[in-house]
Amino acid sequence: MIESWRSQDQRPLYGVNADLLRLTLRHEQADLRRALRWEYGTNYVVGAAMTGLAGAVLWWFLAHRGHGLHLLYLVGAAIALGAFALWVASLWVTRRRQALRERGFGNTLQEEVRRSLSLVDFQLSQVGRWSTALLWSAPVLVGSVLTFWLIVEINDNTGFWFDAGFIAFMVVSIAATTYDSSRRARRALEPRRQRLVELLAMLDGR
């Protein structure tokens with residue numbers, strides 16, 4: 001009798017409203033995808049602009065310095081250009097892989113939960129840890145520092161301490177911004193992930 005009572009007590013009183021839950025999950029997925037589209041769209045625009053700037057700096061050195069171009073400037077401009085281009089390409093490839101992964105899930109309620117969980121895990125894998133988020137920001141940091149240094153070399157009207165201070169400010173600001181965005185992402189996504197894991201366990205066990 002005790003075992004029977006326990007088994008009844010562990011069951012949901014009214015079961016699960018599958019249709020309402022599916023609509024809720026799809027609504028949350030739409031919100032997450034909208035946020036990702038905005039974030040990635042902004043990154044694409046910024047990355048393309050910075051790539052163009054690095055390319056313009058490289059062109060200036062080649063056009064105006066000619067044969068007197070120092071090899072270090074050429075290497076620095078090429079690395080800056082490659083860093084920004086690599087950042088944009090890696091964003092596109094990563095987002096494309098996640099989109100293909102989401103298409104692999106079915107239409108059952110459990111699969112909808114797994115699709116939502118995969119989307120949350122994708123965001124956490126990029127910004128959930130400060131070290132990972134900083135790694136994603138590394139090409140931007142390298143490209144920005146090199147581009148600034150090359151622009152300073154073009155103008156040649158600033159002192160060493162100003163250049164060093166501004167570069168240090170860029171490094172610290174990017175690291176601090178990355179840490180803050182990672183912390184806010186964990187606060188927003190970890191409870192949602194835990195809720196999805198518990199919901200999936202309940203659906204698989206009913």
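Residue numbers start at 1 and run along the sequence shown. As a basis for the values below, the full set of heavy atoms in this structure was taken, side chains included, without hydrogen atoms, waters or symmetry mates.
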Is L23 linked to L109 within one hydrophobic cluster, defined over Ile, Leu, Val, Met, Phe, Trp and Tyr using a side-chain heavy-atom separation of less than 4.5 Å?
-> no
Can you tell me if Q98 and R95 form a side-chain donor-acceptor pair at under 3.5 Å?
-> no
So which heavy atom on A54 is nearest to which on T147, and how close?
-> CB-OG1, 4.1 Å
Apply the test side-chain contact (heavy atoms from CB on, under 4.5 Å) to residues Y40 and W92: give CA-CA distance (whole Å), side-chain angles for both, the deciding distance (0.1 Å), then the verdict.
-> CA-CA 8 Å; Y40 274 71; W92 185 85; over 6 Å; no
For the student: nearest non-hydrogen atoms of G143 and A80, plus distance | O-CB, 3.8 Å
Can we say R114 and E111 salt-bridge, meaning some charged N sits less than 4.0 Å from an Asp/Glu carboxylate O?
-> yes
Please report the shortest heavy-atom distance between E112 and L25, naming the atom on each side.
-> CB-CD1, 4.0 Å
Looking only at heavy atoms, what is the nearest atom pair of R115 and F105, with distance?
-> NH2-O, 2.8 Å
Is there a path from L36 to V45 through hydrophobic residues (I, L, V, M, F, W, Y) whose side chains come within less than 4.5 Å of each other?
-> no
Would L86 end up clustered with M50 when hydrophobic side chains under 4.5 Å apart are linked, directly or stepwise?
-> no
For G76 and L146, work out which heavy atoms get closest and say how close.
-> O-CD1, 3.6 Å
Pair E198, Q194: side-chain N/O donor-acceptor within cut-off below 3.5 Å = yes
Below 4.0 angstrom, N of the basic side chain to O of the carboxylate: do R195 and E190 qualify?
-> no
Check step by step if side-chain contact (heavy atoms from CB on, under 4.5 Å) holds for S116 and E28.
-> CA-CA 8 Å; S116 296; E28 288 189 355; 5.6 Å; no
Nearest heavy-atom approach of V120 to R192 is CG2-CD, 3.9 Å
Going hydrophobic residue to hydrophobic residue with side-chain gaps under 4.5 angstrom, can you get from L53 over to F84?
-> yes
Using modelled atom types only, decide if a donor and an acceptor are shared between the side chain of Q29 and the backbone of L119 within a distance under 3.5 Å.
-> no
Verify same cluster id: V88, V93 (apolar side-chain graph, 4.5 Å) | yes
OH-CZ distance between Y44 and R37, expressed to the nearest 0.5 angstrom = 12.0 Å
Are the side chain of S90 and the backbone of W87 linked by a donor-acceptor contact shorter than 3.5 Å?
-> yes
Calculate, to the nearest 0.5 Å, the distance between atoms CE and CD belonging to M202 and Q110 respectively.
-> 9.5 Å
Does CZ belonging to R33 count more than 12 external heavy atoms closer than 6.0 Å?
-> yes
Rounded to the nearest 0.5 Å, how far apart are OG of S182 and CZ of R187?
-> 11.5 Å
Among V197, L189, L196, the one residue meeting side-chain contact (heavy atoms from CB on, under 4.5 Å) with R193 | V197
Kindly say whether A176 contributes a backbone atom to a donor-acceptor pair with the side chain of D180 at under 3.5 angstrom?
-> no
